[in-house]
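Numbering of ligands and ligand atoms starts at 1, following listing order.
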Amino acid sequence: MRRAFPLLFIVLAAPLFAVSCAELKQSRAILPVREYEKMIVGRLDAEYVGTDNCVSRCHRHDKLTDDFRRSVHGEQLRPEDGLPLVNCESCHGPGSLAIAKIGDDVEKNDLSKVKCDTTTFLDIMNLPPQAQSLICLKCHSTVSTPILTHWNASSHALNDVSCFDCHKLHQGPQQKVSREQMSELCFGCHPEIKAENNLFSHHPLREKKMACVDCHEVHGSVQEKLLKGSTVKETCTRCHMEKQGPFVFEHGDVTENCANCHAPHGSVNNNLLNAAMPFLCLQCHAGHSADNKQLFVNRCTDCHSQIHGTNSTAPAFNNNGTLRQ
Ligand code: HEC
Ligand code: HEC
Ligand code: HEC
Ligand code: HEC
Ligand code: HEC
Ligand code: HEC
Ligand code: HEC
Ligand code: HEC
Ligand code: HEC
């Protein structure tokens, strides 16, 4: 019952997102959760046979088996103490029919190269994304995996992105998305971010010194744009602590949202600025002349250098032209 509310939300909210998801994947009707649950039961006439049977009959020499054994999922396989247990069939469905025509003799199987009947498994790649995710969510409940608390309301879930789209479980022992491969994975579906990150001033994502998940919680968050923390400022000041404040002289309330002035992924302007000087400042302020000369002063921060706020109690406009604010 716990799931009923978020899913109701999906059912109601999904049509709103239909346009953007149509570009990415073919849109499908959103069904009640029990329909997806039915899809992941597998063949009712099949029995569970255990990983040893799957492996010895069909995947003895696969890299896949090797990787799986060394993966976090493979490590959960502990027949001696029972639970928790993850095996091939937890994701692929019961396997007795698949190996029905294959004998017990491992050596003979190797020689004859018989293959198991994969059509009797769950058609895992062709399930609707909601059903694909349910395969994972049946174990990864919010209780065991807190990062999934906001999954059902996340723009990824609402736009037909499933766990499989990011987690490639058989590409190696790694089940998480590695920081090394992350940017490329995300760029694949977010080419506009890749373009931004190629601009002159940028956070070092393509250099792999930072990762998207330093700022985003891709499984869903309480902030817009899947941001970490509860405000944009909080997202940024985890690293740029000196901009945190509070300052005696604040820059109005504008620094609450660093994105008022900064483009997080990249910009043609220095310092990731949204616009070049003086236009950045002129979006919110009228220009003015200095020292009674009627000249237009372009480099606002030459004088107003403490743009993020300061605690300095020096005169507002000191000798070297620094305006506290
Ligand atoms: C935690 C879930 C999970 C477990 C456990 C799991 N798989 Fe998979 N498997 C998947 C997913 C998801 C796919 C879809 C393709 C992909 O993401 O690589 C897949 C795909 C496959 C494929 C097709 C690969 C391809 O390239 O077409 C084979 C074969 C396979 N799994 C065998 C196994 C075997 C054997 C085991 C046990 C040793 C196993 N799987 C355990 C989730 C799982
Ligand atoms: C049968 C239960 C079960 C299923 C189904 C399952 N998992 Fe897991 N998974 C676990 C357990 C248990 C762990 C280890 C404990 C933990 O980290 O919560 C784990 C760990 C993980 C991790 C953490 C790996 C790490 O390096 O820390 C990832 C990522 C993951 N699973 C993804 C998935 C995805 C994606 C699916 C669906 C294709 C899936 N799991 C299906 C039980 C399961
Ligand atoms: C948009 C891509 C994306 C999707 C979709 C996605 N994940 Fe992840 N997942 C990631 C990334 C990236 C990480 C690594 C996060 C990190 O290192 O902080 C991760 C980490 C995890 C972890 C490890 C968490 C931990 O605390 O270490 C688990 C478990 C997991 N995901 C499960 C899932 C499940 C289950 C789903 C589907 C309901 C899912 N993910 C959907 C990208 C994704
Ligand atoms: C399979 C394609 C796919 C992958 C892979 C993917 N995304 Fe997405 N992402 C989407 C779709 C579709 C949306 C919702 C539509 C949109 O806003 O573009 C979305 C939305 C987002 C949003 C929120 C945008 C908003 O307006 O709310 C962020 C942030 C995001 N993705 C970050 C990431 C990150 C970081 C990764 C890599 C870990 C990633 N995505 C991987 C498809 C993907
Ligand atoms: C330094 C922090 C930071 C990093 C690192 C970061 N983002 Fe973002 N991202 C943001 C902020 C902040 C926003 C919201 C911008 C706004 O509201 O104007 C955002 C917005 C987005 C959006 C929504 C775009 C839109 O215009 O609505 C997507 C998609 C996205 N990010 C994807 C990514 C991907 C993919 C990566 C990794 C390659 C990444 N981000 C790395 C901070 C970051
Ligand atoms: C995970 C740590 C981290 C987070 C979070 C982070 N940054 Fe950064 N930021 C960096 C690093 C590292 C650099 C230095 C890049 C370099 O030297 O190439 C940087 C550089 C910058 C620069 C100077 C860029 C330049 O061209 O010199 C600005 C401006 C900036 N960040 C703003 C932000 C904003 C705004 C946010 C929040 C949306 C944010 N940062 C979040 C790590 C972070
Ligand atoms: C009112 C516009 C504005 C806002 C809002 C703003 N910045 Fe800046 N930021 C600037 C300007 C302008 C520069 C360039 C400074 C210069 O030219 O002296 C800059 C430079 C930076 C730099 C690189 C140089 C340095 O001082 O370290 C970082 C990092 C930075 N900002 C982080 C942030 C963070 C984090 C926030 C949110 C808490 C934020 N900024 C909000 C205007 C702004
Ligand atoms: C998003 C809008 C916005 C942007 C962009 C912006 N400011 Fe401001 N600024 C404000 C607000 C709001 C205040 C507070 C106004 C008030 O208290 O009357 C303020 C106050 C100021 C003050 C007066 C401080 C004081 O103590 O009276 C100065 C000086 C200033 N800004 C300079 C700049 C400069 C220079 C830039 C460009 C780097 C800039 N601002 C960009 C909104 C902005
Ligand atoms: C040559 C130095 C200099 C430059 C360059 C400069 N200012 Fe100023 N600014 C001042 C001085 C001096 C004051 C008045 C300080 C005071 O009265 O305490 C001031 C005051 C302000 C105020 C506060 C006005 C008020 O009524 O409280 C704003 C806003 C402001 N400047 C914005 C800008 C913007 C935007 C630019 C760039 C287009 C800019 N300044 C460029 C020196 C400069």
Side-chain angles (χ1 to χ4, degrees), residues 50-52 54-55 57-60 62 64-69 71-74 76-77 86-92 95 115-116 118 121-122 124-125 127 129-130 132-141 144-148 151-152 154-157 159 161-171 174-179 181-182 185-186 189-190 211-214 216-220 226 228 249-255 257 259-261 271 273-275 277-285 287-288 297 299-310 316-317 323-325:
T51 288
D52 286 348
C54 301
V55 168
R57 306 210 189 197
C58 308
H59 298 282
R60 212 150 72 90
D62 290 9
L64 183 151
T65 305
D66 230 45
D67 288 341
F68 182 73
R69 288 237 154 87
S71 75
V72 174
H73 282 132
Q76 307 302 317
L77 240 186
V86 185
N87 63 23
C88 312
E89 293 166 299
S90 337
C91 296
H92 291 287
K115 291 270 167 206
C116 61
T118 55
F121 287 120
L122 287 175
I124 196 164
M125 285 316 280
L127 291 171
Q130 291 77 8
Q132 291 179 332
S133 293
L134 265 191
I135 292 180
C136 315
L137 293 171
K138 70 184 175 189
C139 296
H140 290 280
S141 63
S144 66
T145 317
I147 50 155
L148 292 172
W151 168 255
N152 284 336
S154 73
S155 42
H156 280 137
N159 285 280
V161 179
S162 91
C163 318
F164 303 3
D165 286 317
C166 297
H167 293 275
K168 307 291 177 194
L169 301 182
H170 294 313
Q171 272 178 14
Q174 170 112 4
Q175 307 289 286
K176 273 206 221 179
V177 178
S178 75
R179 288 178 74 87
Q181 288 164 354
M182 196 177 307
L185 169 78
C186 311
C189 291
H190 296 290
C212 311
V213 294
D214 287 335
H216 292 287
E217 180 40 84
V218 295
H219 304 95
L226 301 175
K228 276 197 163 163
F249 304 100
E250 299 272 357
H251 189 165
D253 55 0
V254 284
T255 46
N257 186 352
N260 278 335
C261 297
N271 289 302
L273 291 173
N274 281 332
M277 218 74 83
F279 306 106
L280 176 73
C281 317
L282 296 178
Q283 293 169 59
C284 301
H285 296 289
H288 67 84
V297 276
R299 304 270 310 266
C300 316
T301 46
D302 280 358
C303 300
H304 304 293
S305 66
Q306 300 302 308
I307 203 69
H308 302 98
T310 177
F317 190 55
L323 184 73
R324 62 160 204 217
Q325 41 84 359

What do the steps show when you test Leu169 against Ser71 for side chain to side chain contact (heavy atoms under 4.5 Å, CB included), and what is the final call?
CA-CA 9 Å; Leu169 301 182; Ser71 75; over 6 Å; no
Any chance you could lay out the side chain to side chain contact (heavy atoms under 4.5 Å, CB included) test for Asp165 and His156, step after step, and finish with the verdict?
CA-CA 10 Å; Asp165 286 317; His156 280 137; over 6 Å; no
Side chain to side chain contact (heavy atoms under 4.5 Å, CB included), that's the test. Do Ile307 and His251 meet it? Break it down for me.
CA-CA 7 Å; Ile307 203 69; His251 189 165; 3.8 Å; yes
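Residue Leu169 approaches ligand 1 through these ligand atoms, each under 4.0 Å from one of its heavy atoms: 1 (C), 2 (C), 42 (C). Annotation for ligand 1: atoms under 4.0 Å from non-hydrogen atoms of His73 are 1 (C). Listed by atom number, the atoms of ligand 3 under 4.0 Å from Val161 heavy atoms are 5 (C). Taking every non-hydrogen atom of Phe164 and a distance limit under 4.0 Å, the qualifying atoms of ligand 1 come out as 12 (C).
Ligand 1 lies out of reach of Asp62, whose nearest heavy atom is not under 4.0 Å from it. Not a single heavy atom of Asp165 sits under 4.0 Å from any atom of ligand 3. Heavy-atom distances between Ser162 and ligand 3 reach below 4.0 Å in at least one pair. For the pair Thr65 and ligand 1, no heavy-atom separation below 4.0 Å is found.
Asp67 places no side-chain N or O within donor-acceptor distance of the main-chain N or O of Gln171, the cut-off being under 3.5 Å. Not a single donor-acceptor pair under 3.5 Å links the side chain of Asn152 to the backbone N or O of Ala157.
Closest protein heavy atom to atom 15 (C) of ligand 1: Met125 SD, 3.7 Å. Scanning the protein for heavy atoms near atom 19 (C) of ligand 3, the closest one is His219 CE1, 3.3 Å. When only non-hydrogen protein atoms are considered, atom 32 (C) of ligand 1 lies nearest to Leu64 CD2, 3.6 Å. Here the heavy atom of the protein found nearest to atom 1 (C) of ligand 3 is Cys166 SG, 2.8 Å. Nearest protein heavy-atom neighbour of atom 2 (C) of ligand 1: Cys91 SG, 1.9 Å. Here the heavy atom of the protein found nearest to atom 17 (O) of ligand 3 is Val213 CG2, 4.2 Å. For atom 22 (C) of ligand 3, the closest non-hydrogen atom of the protein is Ile147 CD1, 3.8 Å. Nearest non-hydrogen protein atom to atom 29 (C) of ligand 1 is His59 CE1, 3.7 Å. Remark: minimum distance from atom 39 (C) of ligand 1 to any protein heavy atom is reached at His170 CE1, 3.4 Å. In this structure, atom 11 (C) of ligand 1 lies nearest to the protein heavy atom Ile124 CD1, 3.8 Å.
The aromatic rings of His140 and His73 stand perpendicular to each other, their planes meeting at an angle above 60°, with 30° marking the opposite boundary.
Comparing Cys163, Ser154, Cys212 by heavy-atom distance to atom 37 (C) of ligand 3, the nearest is Cys163. Relative to atom 14 (C) of ligand 3, the option among Asn152, Leu185, Val177 with the closest non-hydrogen atom is Val177. Nearest residue to atom 36 (C) of ligand 8 from Ala259, Cys300, Cys281 is Cys281 (criterion: closest heavy atom). When the heavy-atom distances from atom 4 (C) of ligand 8 to Ser305, Cys303, Cys284 are ranked, the shortest goes to Cys284.
What you find for Gln132 and Met125 is that their closest heavy atoms are NE2-O, 3.3 Å. Counting all heavy atoms, side chain and backbone alike, Met182 lies closest to Ala211 at SD-CB, 4.0 Å. Annotation for Phe164 and Ile135: closest pair CZ-CD1, 4.3 Å, computed over non-hydrogen atoms. Here the closest heavy-atom approach between residue Gly220 and residue Ser154 is recorded as CA-CB, 3.5 Å. For Cys116 against Cys58, the heavy-atom pair with the smallest separation is CB-SG, 3.1 Å. Taking all atoms of both residues into account, the shortest heavy-atom contact from Phe121 to Gly95 is CE2-CA, 3.7 Å.
For atom 43 (C) of ligand 1, the nearest protein heavy atom lies under 4.0 Å away. Under the 4.0 angstrom criterion, atom 26 (O) of ligand 1 counts as lacking any protein heavy-atom contact. At least one protein heavy atom sits closer than 4.0 Å to atom 8 (Fe) of ligand 1.
For atom 8 (Fe) of ligand 1, the N/O/S atoms of His92 include one lying under 2.8 Å. Within the 2.8 Å limit, Cys88 places no N, O or S atom next to atom 8 (Fe) of ligand 1.
Contacts with ligand 3 closer than 4.0 Å are made by side-chain heavy atoms of Met182 only, the backbone lying farther away. Residue His304 touches ligand 8 through its side chain alone, judged by heavy-atom distances below 4.0 Å.
Taking distance alone, with nitrogen or oxygen atoms compared against 3.5 Å, Lys176 approaches ligand 3 more closely than that limit. Considering backbone and side-chain atoms alike, Thr145 places every N or O at 3.5 Å or more from each N or O of ligand 3. Polar contact with ligand 3: present for His167 (N/O pair, distance under 3.5 Å). The shortest N or O to N or O distance between His251 and ligand 8 is under 3.5 Å.
Atom NE2 is the N/O/S atom of His285 found closest to atom 8 (Fe) of ligand 8.
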